[in-house]
There are 2 protein chains.
Amino acid sequence: MRDADIPLYFALFNEIGILSQLSRTVLEARLPEGLLVSHFGVLNHLIRVQDGQTPLRLARAFQVPKTSMTHTLAGLEKRALIEMRVNPEDARSKCVWITEAGRDVRDRAIRDISADMEAMVGEFAPDRVARLVPELAELRKILDAARD
Amino acid sequence: MRDADIPLYFALFNEIGILSQLSRTVLEARLPEGLLVSHFGVLNHLIRVQDGQTPLRLARAFQVPKTSMTHTLAGLEKRALIEMRVNPEDARSKCVWITEAGRDVRDRAIRDISADMEAMVGEFAPDRVARLVPELAELRKILDAARD
DNA sequence: GGCATTTGGTACGATATCGAACTTTATTGT
DNA sequence: ACAATAAAGTTCGATATCGTACCAAATGCC
């Protein structure tokens, strides 16, 4: 293994950080007032993956500390976009359910953002994205496993 | 263009966000007390790219609002890791210079983090990273151009 | 040259993020 | 069964992030 390769890994995480920052800005410009990517991400996840998950599972999915997830969920609940019920299988725990209003907000956000995504297609083709996503997903798994 | 492709773009930015979050956590665990990725990123950039840049150029490089950069630079200056001087070419502006202490902190951080990077090499080979980075860089440029 | 506009940077306030400590309920070990 | 430990979530305090409004210097325009 060559030391010369290491800077490449730094460059990788540097690009990821910048892209995250940039996409956050772009996406939030399309989200309704006060809704952040963290909120949208959770709503989307609840529909794409599974309704009724626990806060901890959500925190792990997004790799954020559980206290950050508590805060994000509180924001969503205050806007009545989710409901939190006690977990019938574990009294310490909660289950997060998306509401009708939550679905509506999410669907509308998807539509609004899709316009920009479609504009991107001409410049960065779907097949490139299709090749990129699994690579990033695998990288994520490796990093996650190495985390502790 | 097919609508079926759009979810792929959402997945892409979702992965990027999660990876950013995850790498932030991993990196900050190796940085000295109180030093964040935002700080390290600037120090590293000043050495890798160029010393003496203006705050605005740095903000653009990292795609953060200029007020965020002001705050990050203030933190670095308070720790004497950078120096800010007036820009001789423009009295409104400043130039950011890294100090000896700044170089030391950056070099040590690089060394400390490199150990983890090397551990990654076995699981995610350098040639894959080498293919990934230019793709991400191009994506960044496209997104940046579309930003306004 | 002088006024309008733009540009670089900061001050301030609102909110997001997150680590440490805490509460409550589950689980484990004996 | 019960004490010890672990796990889920929240509270709290510190600080990062960022949008708005602002100041000062530069640039454009006539």
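Atom CZ of B:Arg108 is surrounded by 12 or fewer heavy atoms from other residues, nucleotides or ligands within 6.0 Å. By the neighbour-count criterion of 12 heavy atoms within 6.0 Å, atom CZ of B:Arg128 is densely surrounded, having more than that number from other residues, nucleotides or ligands. Heavy-atom contacts from other residues, nucleotides or ligands closer than 6.0 Å to CZ of A:Arg57 number 12 or fewer.
For the pair A:Leu35 CG and D:dC18 C1', the interatomic distance rounds to 16 Å; values are reported in whole Å. In this structure, A:Gln63 atom CD and C:dC18 atom P are separated by 12 Å, rounded to whole Å. Separating the CG atom of A:Leu73 from the P atom of D:dT10 is a distance of 8 Å, rounded to the nearest angstrom. One atom, CD of B:Gln21, and another, P of C:dA16, lie 15 Å apart when rounded to the nearest Å. Between the CE atom of B:Met69 and the P atom of C:dT7 there is a distance of 20 Å, rounded to whole Å. In this entry the distance linking NE2 of B:His71 with P of C:dG13 reads 16 Å, nearest Å. In this entry the distance linking CG of A:Leu31 with C1' of D:dG19 reads 16 Å, nearest Å.
Backbone-only contact: B:Ser93 has heavy atoms under 4.0 Å from sugar-phosphate atoms and none from a base.
Between A:Thr67 and the phosphate of D:dG9, there is no side-chain N or O to OP1/OP2 separation shorter than 4.0 Å. One finds a side-chain N or O of A:Ser68 lying less than 4.0 angstrom from the OP1 or OP2 phosphate oxygen of C:dC18. Using a 4.0 Å cut-off, some side-chain N or O of B:Thr70 falls inside it from OP1 or OP2 of C:dT10.
In this model, a side-chain donor or acceptor of A:Arg92 finds a partner on the base of D:dA7 within 3.5 Å.
Listed nucleotides: C:dG9, C:dT17, D:dT17. Nearest to the side chain of B:Leu56: C:dG9. Relative to the side chain of A:Lys66, the nucleotides D:dT11, D:dG9, D:dA16 differ in distance, and D:dG9 lies closest.
At distances below 3.5 Å, at least one donor-acceptor pair connects side-chain atoms of A:Ser114 with backbone N or O atoms of A:Ile110.
Mapping A:Arg24 and A:Asp90 onto DNA chain D by nearest heavy atom places A:Asp90 at the nucleotide closer to the 5' end. The residue among A:Lys94 and A:Glu28 whose nearest nucleotide of DNA chain D lies closer to the 5′ end is A:Lys94. For the pair A:Pro65 and A:Glu89, nearest-nucleotide mapping onto DNA chain C gives the more 5' position to A:Pro65.
You'll find the side chain of A:Met120 reaches within 4.5 Å of the side chain of B:Leu139, heavy atoms only.
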